[in-house]
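Scroll down for the structure; my scribbles are underneath it.
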Amino acid sequence: MKQIKTTPIFKKLLMNIGMIKYRHFRNVLPLLFYLLGIVYLEAQERPNFVFILTDDQQYGLMGCTGNAIVQTPNLDKLASDGVLFTNAHITSAICTPSRASILTSQFERKHQINFNSGTSMPKEVWETTYPMLMRNSGYYTGWIGKNHVPIGEGGYRSGLMEQSFDYWYAGHGHLRFYPKEVHKIFKQAKNDTQAEIIGEGIEDFLSNEQKLEGVVKFMEQRPKQKPFVLSISFNLPHGAGTSTMQMKETDDSIYKTLYRDKTIPLPKNYIAKANIKTPKLPKEIHHADDRQQGYNYVDTPTGYRERYTRQLQAMTGIDRIVGRLRQLLKAHNLEKNTIIIFTSDHGLFMGQFGLGGKALCYEITTHVPLIIFDPKLKKSNRGRTSNALVQSIDLAPTLLSKSGIDIPQSYQGHDLSPLLKGKQNAVREYLYTENLWSTHFGNPRCESVQNKKWKYIRYYKNENFSAQEKIKTAEQIGIPTSSMLYKVHDPDIAIYRSYINGPLQGEIPAYEELYNLKTDPDETTNLAMTEANRSVLQKMRAVWKKEILYAKGKDLPQVLRYTSDSEAERAILIEPK
C-alpha cells in the first residue's frame with residue numbers, strides 16, 4: 001500500500017481535530033472530508049507525458065491511417081493501445097504558427113507569430129505555454145529535436161528556451177537529415193542521422209544517467225520523485241530533411257534500400273506540372289509559379305516518387321524510435337504512468353491538383369494524425385477511433401487537465417479528456433483554420449470553417465510581388481537570393497497586421513469555395529456557385545464570422561519586434577530558419 005505523505009500544516013490540523021470534543025465533531029466533519037480529499041490527491045501519482053511532434057506528415061503516412069506500403073508497426077500498436085483521432089486538424093498549415101499554436105493553445109490570429117509577422121513570443125506568453133506551466137507546477141521538463149518558434153528578445157538567439165528546460169537537446173530551425181552538419185549541440189552524437197540522434201537524446205533523458213555530451217541541463221539527474229514532460233520534435237519527414245538524404249555508408253539500410261523495390265503509385269488527383277490545364281485556384285488568387293523551388297519535386301512523377309520514398313523511409317525511422325521509446329519506458333517502470341501523444345504540425349501537398357507545399361486550408365494540409373495513449377484509461381476506451389473534430393490547440397489544455405493544472409483563460413482549445421474517457425462525442429461543432437503566410441511565394445490569405453459535412457474556404461486579393469522577379473533581380477546585381485526572399489523588415493509587421501484586421505474590417509473575399517466532405521472528401525468540386533447550395537453557403541459565412549472573431553480574441557497581441565532591422569540594431573545578422 002502506498003504510504004501517504006502529509007504536510008506539517010496537515011498534521012497539525014489532524015491533531016487539532018483529534019482534540020475536538022464530540023459535541024463539536026459534527027461541525028468539523030465537512031473540513032475533515034475536505035482534508036482527506038487533499039491527502040487522497042497527494043497520494044496519486046501525477047502522470048508523465050511524452051509529446052511527439054513530426055514535421056510535414058500527411059495524415060495517410062502510417063499503416064493505422066490507411067497506408068498500405070509504409071512499415072509503421074510501433075505507431076500502429078500505439079494507436080491500437082490508445083485513441084486514434086481520425087478528424088484532427090491544425091490551426092495554420094505552416095511550421096512556425098502551427099507550433100506556436102500548439103504551445104500556447106491559441107490561433108495565429110491571437111498569438112501573431114509567423115515567418116512574415118516580424119515578431120517573437122515574449123517571455124510573458126512563453127510562461128503560459130504547456131511546458132512552462134508544467135515546470136512551474138513541479139514537472140521535470142525536456143525538449144529534444146527541433147524548435148521552430150522564435151521566443152524571447154532576439155528570437156532564436158535569446159537563449160530563453162534553452163534556459164527554460166531542465167533538459168535541452170535541440171536546435172533552432174531545420175535540423176536536416178544530418179543534424180551535425182548544422183547544429184553544434186549534436187556534434188558528439190554517435191549517429192549521424194536525425195531520427196537516431198533524437199533517439200539518443202530520448203534514451204539519455206529516460207535512463208536518468210544523462211551522460212550525453214552537448215546537452216544543456218540544470219540538474220545532474222532527473223529527480224525520480226518528479227513527474228516529467230518530454231517534448232520530442234522531429235524535422236521529418238519534412239522536405240528540408242528528406243531532401244538532404246544522401247544514402248551514406250554510415251546510414252542505416254532503411255534510409256538506403258527500403259521501399260525502393262516497391263511500385264509507388266501516384267496520389268489520387270495527381271497532375272504533373274506539364275499537364276495542368278485548369279489550376280486548382282484562379283491565377284489571380286494563387287500565384288503558383290512563385291512557389292518555393294524546394295517543392296518542385298512534385299512537378300514530375302519521377303520527382304514525386306523519389307521524395308515520397310524518402311518520406312516513407314523517414315517514417316519507418318521515426319516509427320523505430322517510437323518503439324524504442326516504449327521499450328525504455330517499460331524498462332524503467334514508467335510505462336504504466338506515462339501518457340504518449342503523437343501528432344504532426346501540418347500536412348503537405350504532393351502534386352494533388354498540381355500543387356506542392358502547404359499554407360492552404362485544404363484537408364491535405366490541415367488534416368493530421370493524432371494518437372493519444374493513456375495507460376490508465378479503461379480497456380474499453382482504448383483501441384478506439386474517434387472522428388470528433390479536434391485541433392492542435394486542444395493538446396495543451398489536455399496536458400494541463402491531466403496534470404491537475406488550471407487551464408489559463410488565454411487558451412482557446414478544449415480539454416480532450418472527456419473524449420478519451422468516452423464521456424463525450426464532440427468538443428466543437430465547427431472547426432476553424434487559417435493561412436496568414438501570404439508572401440512573394442504566391443500563397444493567398446485564406447480562412448476556412450468546417451463541420452463533418454461542409455467546408456467553406458474564403459480567399460482574399462493577392463497583390464504580393466513576385467518571388468520570380470526578386471530572384472531575377474538578385475541574380476542580375478549579385479544579391480544573395482536568400483536575403484531577397486527571406487528577410488523580414490519593420491514595414492512587413494504593418495502588412496501582416498493588415499492581413500489579420502482586413503477581414504474583420506469588412507474586406508470582402510475575392511474567391512470562395514464550398515465542399516461537401518461526405519460526398520467529396522478530396523475537395524475536387526467547388527459548390528460555392530451552385531444555386532442548390534446557396535443556403536449552405538450563407539450559413540457557413542455566418543459560422544466563419546463567429547469563428548474568426550473568436551480566433552482573433554479581444555486582447556491586444558503580446559509580441560516582440562523581431563525583424564532584420566531590429567537585429568541589425570543589435571549588430572546581429574538573421575539567417576533564415
Side-chain angles (χ1 to χ4, degrees), residues 49-86 88 144-145 177 191 193-203 205-206 230 232-238 241-242 245 247 251-265 307-332 334-336 338-344 347-348 350 367-375 377 379 381-386 420:
F49 294 89
V50 178
F51 186 119
I52 304 170
L53 184 68
T54 60
D55 203 334
D56 278 20
Q57 183 185 341
Q58 307 97 293
Y59 178 80
L61 268 182
M62 302 186 295
C64 60
T65 57
N67 193 302
I69 299 175
V70 73
Q71 297 174 25
T72 53
N74 296 297
L75 288 165
D76 299 343
K77 180 68 164 59
L78 187 68
S80 67
D81 289 342
V83 178
L84 172 65
F85 290 88
T86 59
I144 296 173
F177 194 70
N191 292 281
T193 46
Q194 182 191 139
E196 287 62 39
I197 287 176
I198 288 175
E200 288 182 46
I202 295 169
E203 187 150 355
F205 179 91
L206 293 176
L230 173 61
I232 302 167
S233 185
F234 289 93
N235 192 195
L236 292 171
H238 189 285
T242 53
M245 296 172 71
M247 292 185 284
D251 290 357
D252 191 283
S253 60
I254 64 173
Y255 303 127
K256 293 186 287 188
T257 60
L258 191 60
Y259 306 118
R260 294 197 174 276
D261 61 339
K262 302 291 183 183
T263 299
I264 304 294
R307 187 59 59 87
Y308 187 64
T309 298
R310 296 182 181 200
Q311 287 183 346
L312 297 178
Q313 292 171 342
M315 284 306 307
T316 297
I318 291 170
D319 180 82
R320 186 169 60 180
I321 298 303
V322 171
R324 179 58 179 156
L325 163 69
R326 296 193 75 182
Q327 291 176 352
L328 289 167
L329 290 172
K330 187 173 183 179
H332 294 290
L334 297 167
E335 82 281 9
K336 294 181 180 179
T338 301
I339 295 171
I340 301 174
I341 298 172
F342 180 93
T343 191
S344 182
L348 188 71
M350 294 293 289
H367 185 199
V368 293
L370 173 60
I371 301 169
I372 300 180
F373 165 69
D374 183 350
L377 282 181
K379 288 187 177 180
N381 287 322
R382 291 161 58 182
R384 295 186 296 113
T385 60
S386 169
L420 294 170

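As the structure is a computational prediction, the values presented were derived from the model and not from experiment. Reckoned from all heavy atoms, side chains included, excluding hydrogens, waters and symmetry mates.
Each of Thr72, Asn74, Asp252 was evaluated against Arg320; a single residue qualifies, Asp252, per the side-chain hydrogen bond (donor to acceptor under 3.5 Å, both in side chains) test. When each of Ile232, Leu53, Ile52, Leu84 is checked for a side chain to side chain contact (heavy atoms under 4.5 Å, CB included) with Phe342, only Ile52 meets the rule.
Minimum interatomic distance between Pro369 and Thr343 (heavy atoms only, all atoms of both residues): O-OG1, 2.7 Å. Taking each heavy atom of Thr65 and Gly60 in turn, the nearest pair found is OG1-CA, 3.6 Å. Looking at every heavy atom in both residues, Met350 comes nearest to Gln58 through CG-NE2, 3.2 Å. For Cys64 against Leu75, the heavy-atom pair with the smallest separation is SG-O, 4.2 Å. Pairing each heavy atom of Pro265 with each of Ile69, the nearest pair is CD-CD1, 3.8 Å. Of all heavy-atom pairs spanning Leu78 and Arg326, the tightest one is CA-NH1, 3.6 Å.
Within the 3.5 Å criterion, the main-chain N or O of Ile339 finds no donor-acceptor partner in the side chain of Asp374. Between the side chain of Arg382 and the backbone N or O of Asp81, at least one donor-acceptor pair lies under 3.5 Å. A donor-acceptor pair is defined here as one N or O able to donate and one able to accept, closer than 3.5 Å; no such pair exists between the side chain of Gln194 and the backbone of Gly241.
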May I have the step-by-step check of side chain to side chain contact (heavy atoms under 4.5 Å, CB included) for Phe85 and Leu420, ending in yes or no? CA-CA 10 Å; Phe85 290 88; Leu420 294 170; 3.9 Å; yes

Given Arg384 and Val83, is the side chain to side chain contact (heavy atoms under 4.5 Å, CB included) satisfied, shown in steps? CA-CA 5 Å; Arg384 295 186 296 113; Val83 178; 3.8 Å; yes

Yes or no on side chain to side chain contact (heavy atoms under 4.5 Å, CB included) for Leu61 and Leu312, after CA distance, side-chain angles and deciding distance? CA-CA 7 Å; Leu61 268 182; Leu312 297 178; 3.8 Å; yes

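Ring geometry for His367 against Tyr59 counts as parallel: the plane angle stays under 30°, on a 0 to 90° scale with 60° as the upper cut.
Residues satisfying the ring-ring contact (aromatic ring centres under 6.0 Å, His included) test with Phe373, not counting sequence neighbours, are none.
Of the N and O atoms on the side chains of Asp319 and Gln71, not one donor lies less than 3.5 Å from an acceptor on the other residue.
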